[in-house]
Enquirer: 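Let me give you the structure first, and then I'll get to my questions.
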2 protein chains.
Amino acid sequence: MNAAPRKTTAPATAKDREATKRRLIEAVGRVLARQGFQAVGVNTVAREAGVDKVLIYRYFDGLPGLVAAFAREGSFWPDLDELCGGDHQAFLALPFAERMSLAVRNYLRAVRSRPLTREILAWRFLEKNDLTDALDTARAEAGAAILALAGQGVDRTDVDLPALHVVLGAAINHLAVRQDREPVFAGLPLDDPATWERVEAMLDRMVRAVLGE
Amino acid sequence: MNAAPRKTTAPATAKDREATKRRLIEAVGRVLARQGFQAVGVNTVAREAGVDKVLIYRYFDGLPGLVAAFAREGSFWPDLDELCGGDHQAFLALPFAERMSLAVRNYLRAVRSRPLTREILAWRFLEKNDLTDALDTARAEAGAAILALAGQGVDRTDVDLPALHVVLGAAINHLAVRQDREPVFAGLPLDDPATWERVEAMLDRMVRAVLGE
DNA sequence: CTTGATAGTCACCAGACAGTGACATTGTCA
DNA sequence: TGACAATGTCACTGTCTGGTGACTATCAAG
């Protein structure tokens, strides 16, 4: 795209357009992390980047475009390696219940360890608009991939696996997002690591119980 | 409080203050239901009520006070009767797993049938402020009561019941709120009644499996 | 040097917001 | 009747928002 500051063609890079674009994209992340998605607006992001807001329109055709670029940039969602523990072969060698249990635990930990991901999750959760649409594609793909891998070579007609995925995913998403907002849920302190060990144990127990140990 | 438009004392009710308060409180509900909590502001609510916004400050000492009054008004959370199916005695006569399963299903249905409750749930979810604080007390009480009733006379040291409640409650809350925003979750259409039957069945299965049938 | 394109700045617009002070209207009591 | 308090209306402030048009500064090519 660029990287040709000299000679023929490439009339851009007068004052480094790409650097400015990067500053804007990074500013989105900082605002999102520090002030939450409510604060993600043209004015705030531009101020954070130390750049004029009009450049958001010129370079990204508006805030949704900038957010889309931001979404393309970062690794907000766990990839397959992370979810299956790094080794696909070893993962596939496990019994099905074991596989599911591991993937669930890794998904929980992955979401919990990504503040920006939790913020995006909450965002998408309650605002359906141009901005959040941009962030959703990557997640949908990641989700589908892990389900496909976990269920690979398995034929369990006795269990409604999609329904199981929905319930587990919903519980994890809710708790992860909730952790940032309200530290107590149904009497348990979500800011206490011990609580999360109990939740992990419970998820594990549920998966095994439903899948028949 | 009022109901004494004539004679001694009660210097108010010149132009019916109570009626105006009621109009404001009802306007909160309408705005919340129609436009979501993002729209709940002094200007919008006053406009909806057909009343000047200054009265919100005079009568409720600001928007948080009005929202608190609104929260006190409506029945947003299911009560014990609804959760246990109407008959406490019959409920308590059931085996524990049966009791839990029933309460979980009734809670899911209760939340799903209350659009305003779902909106409040989402609101509280992502905005922690004076407004949402007012809405939370009632919910916490309702939650604690049902857990107490379901666990009455039961001593299951083999299961981490609070963790189970947390996971189930989180899943239900997430799905109920999600239904309004994004109709598809993990591949299942949340606007299809058949999906909810599958979710109910899965929750039931999980409860029974974990509690040992 | 001139031309032209691009990068970046600045000032402004209209609309929504929360909040406040001054005013008019109405009813009750003395 | 007059005094007073309460109800309700109106106009206004200042601040934020998203968005746009006009400007300057810089660079490359002819």
Side-chain angles (χ1 to χ4, degrees), chain A residues 1-25 27-28 31-32 35-68 127 129-132 134, chain B residues 1-28 31-32 34-68 127 129-132 134:
Chain A
M1 289 297 185
N2 54 348
R6 288 289 158 84
K7 280 293 162 59
T8 57
T9 64
T13 333
K15 296 177 197 166
D16 216 345
R17 170 188 184 130
E18 293 306 315
T20 302
K21 289 174 74 172
R22 224 174 305 121
R23 293 184 67 177
L24 280 168
I25 290 174
V28 171
V31 170
L32 195 53
Q35 302 168 252
F37 53 87
Q38 312 242 37
V40 176
V42 181
N43 293 299
T44 309
V45 170
R47 206 180 309 126
E48 171 72 30
V51 154
D52 196 280
K53 62 178 173 179
V54 79
L55 301 180
I56 294 177
Y57 297 99
R58 286 232 272 261
Y59 296 160
F60 300 98
D61 199 38
L63 193 57
L66 173 55
V67 172
E127 242 177 332
N129 55 32
D130 296 345
L131 301 184
T132 54
Chain B
M1 288 296 187
N2 54 349
R6 288 290 157 84
K7 277 297 161 61
T8 58
T9 63
T13 334
K15 297 176 198 165
D16 215 343
R17 171 187 184 132
E18 292 306 315
T20 302
K21 289 174 74 172
R22 223 174 305 122
R23 294 184 67 178
L24 281 168
I25 291 174
E26 286 164 7
V28 171
V31 170
L32 195 54
R34 190 179 335 120
Q35 300 168 253
F37 54 86
Q38 310 243 38
V40 176
V42 181
N43 292 301
T44 310
V45 170
R47 204 180 309 124
E48 171 73 30
V51 154
D52 197 280
K53 62 178 172 179
V54 79
L55 301 180
I56 294 177
Y57 296 99
R58 286 232 271 261
Y59 295 161
F60 299 99
D61 200 39
L63 193 59
L66 173 55
V67 172
E127 244 177 329
N129 56 30
D130 297 345
L131 299 185
T132 53

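Each chain gets a letter, A, B and so on, in the order its sequence line appears, and its residues count up from 1.
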Enquirer: Using the test salt bridge (charged side-chain N to carboxylate O under 4.0 Å, His left out), find all partners of B:R34 that sit at least two apart in sequence or belong to another chain.
Expert: B:E48
Enquirer: Could you pull out the protein-nucleic contacts involving nucleotides 16-19 of chain D (nitrogen or oxygen on both sides, under 3.5 Å)?
Expert:
residue	atom	partner	partner atom	Å
D:dT17	OP1	A:T44	OG1	3.3
D:dT17	OP2	A:R47	NH2	3.2
D:dG18	OP1	A:V42	N	3.3
D:dG18	OP2	A:V42	N	3.2
D:dG18	OP2	A:N43	N	3.1
D:dG18	OP2	A:N43	ND2	2.8
D:dG18	N7	A:N43	ND2	3.4
D:dG18	N7	A:K53	NZ	3.2
D:dG19	OP2	A:Y57	OH	2.8
D:dG19	O5'	A:Y57	OH	3.3
D:dG19	N7	A:K53	NZ	2.8
D:dG19	O6	A:K53	NZ	2.5

Enquirer: Quantify the bending of the helix from C:dC1-D:dG30 to C:dA30-D:dT1 as the angle between its end axes, each fitted on five pairs, to 10°.
Expert: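 That helix gives 20° between its end axes.
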Enquirer: Find the distance B:R58:CZ to C:dG21:C1' and express it as a whole number of Å.
Expert: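 Taking atom C1' of C:dG21 as the reference, CZ of B:R58 is at 11 Å.
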Enquirer: Keeping to residues at least two apart or across chains, list the side-chain hydrogen bond (donor to acceptor under 3.5 Å, both in side chains) pairs with something in residues 52-61 of chain B.
Expert: B:N43-B:K53
Enquirer: How long is the line joining CD1 of B:I56 and P of D:dC10, in whole Å?
Expert: 16 Å
Enquirer: If we only count heavy atoms from C-beta on, is the B:F60 to B:I25 side-chain gap below 4.5 Å?
Expert: yes
Enquirer: Among all residues two or more places apart in sequence or in another chain, which pass the side chain to side chain donor-acceptor pair (under 3.5 Å) test with B:Q35?
Expert: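 B:Q35: no side chain to side chain donor-acceptor pair (under 3.5 Å) contacts found.
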Enquirer: Minimum heavy-atom separation for B:A49 and B:L24, please, with both atom names.
Expert: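 Minimum heavy-atom contact is CB-CD2, 3.8 Å.
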Enquirer: Rounded to the nearest 0.5 Å, how far does CG of B:D16 lie from CZ of B:R22?
Expert: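 Here the rounded value is 7.0 Å.
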Enquirer: Between atom CZ in A:R23 and atom C1' in C:dT9, what is the gap in whole Å?
Expert: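 It works out to 14 Å between those atoms.
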Enquirer: Are any of B:Y59's side-chain N or O atoms less than 4.0 Å away from OP1 or OP2 of D:dG8?
Expert: yes
Enquirer: When the distance from CG of B:D52 to P of C:dG19 is rounded to whole Å, what number comes out?
Expert: 14 Å
Enquirer: Roughly how far, to the nearest 0.5 Å, is the NZ atom of A:K21 from the CG atom of A:L55?
Expert: 11.5 Å
Enquirer: Rounded to whole angstroms, how far apart are CG on B:L66 and P on C:dA18?
Expert: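 Whole-Å distance recorded here is 12 Å.
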Enquirer: Tell me: CD of A:E18 to C1' of C:dA7, nearest whole Å?
Expert: 12 Å
Enquirer: Could you state the atom-to-atom distance from CZ of A:R17 to P of D:dC27 in whole Å?
Expert: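 These atoms are roughly 17 Å apart.
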Enquirer: State, to 0.1 Å, how close B:I56 and B:V42 come at their nearest heavy-atom pair, and which atoms those are.
Expert: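 In this case the closest contact between B:I56 and B:V42 is CD1-O, 3.8 Å.
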Enquirer: Over all heavy atoms of both residues, which pair between A:L63 and A:V40 is shortest? Give the atoms and the distance, please.
Expert: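 For A:L63 and A:V40, the tightest heavy-atom pair comes out as CD2-O, 3.8 Å.
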Enquirer: B:L55 CG to C:dG19 P: how many Å, rounded?
Expert: 15 Å
